[in-house]
Amino acid sequence: MKKTISIKDIRGIRIGQTENLEGGTGCTVFLSETGMAAGLDVRGGGPASRESELLKPLAAAQEIHAIVLAGGSAFGLGAADGVMQYLEERGIGFDVGVTRVPLVCQSDLFDLTVGDPGARPDRAMGYEACLRAEEENYRDGNCGAGCGATVGKFAGMDCCMKSGIGSYALQIGELQVGAVVAVNALGDIYDWKSGRKLAGLLAEDRRSFRGTEELMYADTRAVDNKFTGNTTIGVIITNAAFQKPSLCKIAGMAHDGYARSIRPVHTTADGDSIYAVSVGNADGSRVCADQDLVGALAAEVMSEAITVAVKSARSAYGYPAWKDLIVLPASI
């Protein structure tokens, strides 16, 4: 029997986040001091990432120590420096004799058109997020990597909506599978069960919807710059015992959650990426579970987390959020 749990109920990993509310950017850090097996699947055409090669099945490293989701596009990749500093100070990382080298992977979304374009996650912000992880301060909404997230940008920023970061987790017996996702899509966001549009491209009155796909279909000419950049980035967390190849497959199956909830998705203007990690229970043990079962659950929790990200967001920077709009006719 499936039951809904909090993402914080999954042990073996700590999540911390910090944000610059005035600047419109932030970062979310996932820490595993004992190391976590991890895989990655990138489907978007424009990712901003760090140490992605570590997560390929042929790479030697079998565990990493942290994942960073952040804003700032490629400028924000420096946040991982602060995470490495935090971990090295605590003796966490791959032992190279003279020190320990923390293995930290990162993916960023594009939020430079929100708030202050000069505000980017940096070493100090990454370090601060790690300190916040000691309190497990994770929250959905306009927090961490979701601080400057927006959706529905095909017609430009004047017609988009505010989004954020969201989480959702399920448990079956001892098995736990959860997702955290910062939703910053070019496309529109739909309730994956009902098909009802939740957020996305607004009409000129900014109180009703247009359809991104319909607008795209109206003109077949190539668009060179789809308003600079987007990207939905997420992490699947499970206490099931898997190694890197299986986790890469689970991350790939989790992209079905993107496809159910975001239209269009995986465009050349998106850097859509999903990590999948295996973490231990409180006693360090891991649950034995079927890979395809976990992959199917990963897609479900990812779709639910996308819904949470949109519904938890608050209007900011002049962009309306789902909870603050009064009339939003359904568009399928």
Side-chain angles (χ1 to χ4, degrees), residues 6-8 10 12-21 23-32 36 38 40 47-51 64-73 75-84 86-87 102 104-111 114-115 119-150 162-169 178-185 231-237 251 254 271-277 279 301-302 305-306 308-310 312-314:
S6 167
I7 196 69
K8 296 180 182 179
I10 304 177
I13 193 167
R14 291 184 288 120
I15 308 174
Q17 49 191 8
T18 188
E19 57 279 325
N20 179 338
L21 291 173
T25 195
C27 68
T28 302
V29 174
F30 303 77
L31 298 177
S32 177
M36 54 188 170
L40 171 67
S49 57
R50 171 171 171 158
E51 295 281 35
I64 62 173
H65 304 97
I67 292 172
V68 183
L69 305 182
S73 188
F75 291 113
L77 292 173
D81 292 337
V83 179
M84 292 190 69
Y86 174 91
L87 293 171
V104 180
C105 298
Q106 180 170 347
S107 290
D108 287 357
L109 55 80
F110 185 96
D111 55 11
V114 175
R120 295 106 182 232
D122 56 12
R123 174 189 287 266
M125 185 176 282
Y127 192 91
E128 177 66 21
C130 292
L131 293 176
R132 299 288 181 87
E134 296 174 3
E135 313 162 8
E136 295 191 78
N137 78 324
Y138 176 81
R139 293 169 295 153
D140 298 320
N142 297 23
C143 304
C147 181
T150 52
K162 186 71 182 73
S163 181
I165 195 168
S167 64
Y168 193 84
V180 176
V181 60
V183 182
N184 190 61
T231 299
T232 297
I233 46 180
V235 179
I236 295 294
I237 307 168
D272 298 329
S273 305
I274 298 178
Y275 298 87
V277 301
V279 298
V301 296
M302 185 58 76
I306 290 169
V308 171
V310 168
S312 299
R314 303 180 308 278

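A donor atom on one side chain and an acceptor atom on the other are found under 3.5 Å apart for S167 and D140. A donor-acceptor contact under 3.5 angstrom links the side chains of D111 and T25, judged on distance only.
Note that CG of D81 and CG of D122 are 9.5 Å apart. Values are rounded to the nearest 0.5 Å. A distance of 11.5 Å separates CZ of R139 from OG of S312, quoted to the nearest 0.5 Å. With rounding to the nearest 0.5 Å, the separation of CD in E51 from CG in L77 is 11.0 Å. A distance of 4.5 Å separates CG of L109 from CG of N184, quoted to the nearest 0.5 Å. Rounding to the nearest 0.5 Å places SG of C147 at 7.0 Å from CG of N20. With rounding to the nearest 0.5 angstrom, the CG atom of L31 is 9.5 Å from the CD1 atom of I15.
A heavy-atom distance below 4.5 Å is not found between the side chains of D272 and I233. Using a 4.5 Å heavy-atom cutoff, the side chains of V29 and Q17 are not in contact. At least one side-chain heavy atom of Y138 sits less than 4.5 Å from a side-chain heavy atom of I165. In this structure the side chain of F30 reaches within 4.5 angstrom of the side chain of V180, judged on heavy atoms. Taking the side chain as every heavy atom from C-beta outward, I274 and I236 approach each other to under 4.5 Å. You'll find the side chain of C27 reaches within 4.5 Å of the side chain of T18, heavy atoms only. At a threshold of 4.5 Å between non-hydrogen side-chain atoms, the residues L40 and S273 count as touching. Contact of the V104 side chain with the R50 side chain is not registered, since no non-hydrogen atoms from C-beta on lie closer than 4.5 Å.
Nearest approach of L87 to A66, heavy atoms of both residues: CD1-CB, 4.1 Å. Listed here is the closest heavy atom pair of A38 and V277: CB-CG1, 3.8 Å. Residues V68 and A79 share a closest heavy-atom pair of CG1-CB, 4.4 Å. The minimum heavy-atom distance between V308 and G166, with the atom names listed, is CG1-CA, 4.0 Å. Nearest approach of K162 to G146, heavy atoms of both residues: NZ-O, 3.1 Å. A70 and P121 make their closest contact through CB-CG, 4.0 Å (heavy atoms, listed as atom of the first residue, atom of the second, distance).
Identified under the salt bridge (charged side-chain N to carboxylate O under 4.0 Å, His left out) test for residues 126-137, with sequence neighbours left out: R11-E136, R90-E134, E128-R132.
Under a 3.5 Å cut-off, the side chain of T150 and the backbone N or O of S163 do not form any donor-acceptor pair. S73 places no side-chain N or O within 3.5 Å of a backbone atom of F110 that could act as its donor or acceptor partner. With hydrogens and angles disregarded, a donor-acceptor distance shorter than 3.5 Å links the side chain of N142 to the backbone of R314.
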Legend entry - Evaluation steps, side chain to side chain contact (heavy atoms under 4.5 Å, CB included), between V279 and I237: CA-CA 7 Å; V279 298; I237 307 168; 3.9 Å; yes
Legend entry - Working for side chain to side chain contact (heavy atoms under 4.5 Å, CB included), residues H65 and M36: CA-CA 6 Å; H65 304 97; M36 54 188 170; over 6 Å; no
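Considering V235, I13, V83 in turn, V235 is the only one that fulfils the side chain to side chain contact (heavy atoms under 4.5 Å, CB included) rule with I67.
Taking a cutoff of 4.0 Å between a charged side-chain nitrogen and a carboxylate oxygen, D108 and R120 do not qualify as a salt bridge.
Taking the ring-ring contact (aromatic ring centres under 6.0 Å, His included) definition, one finds that Y127 meets it with Y86, sequence neighbours left out.
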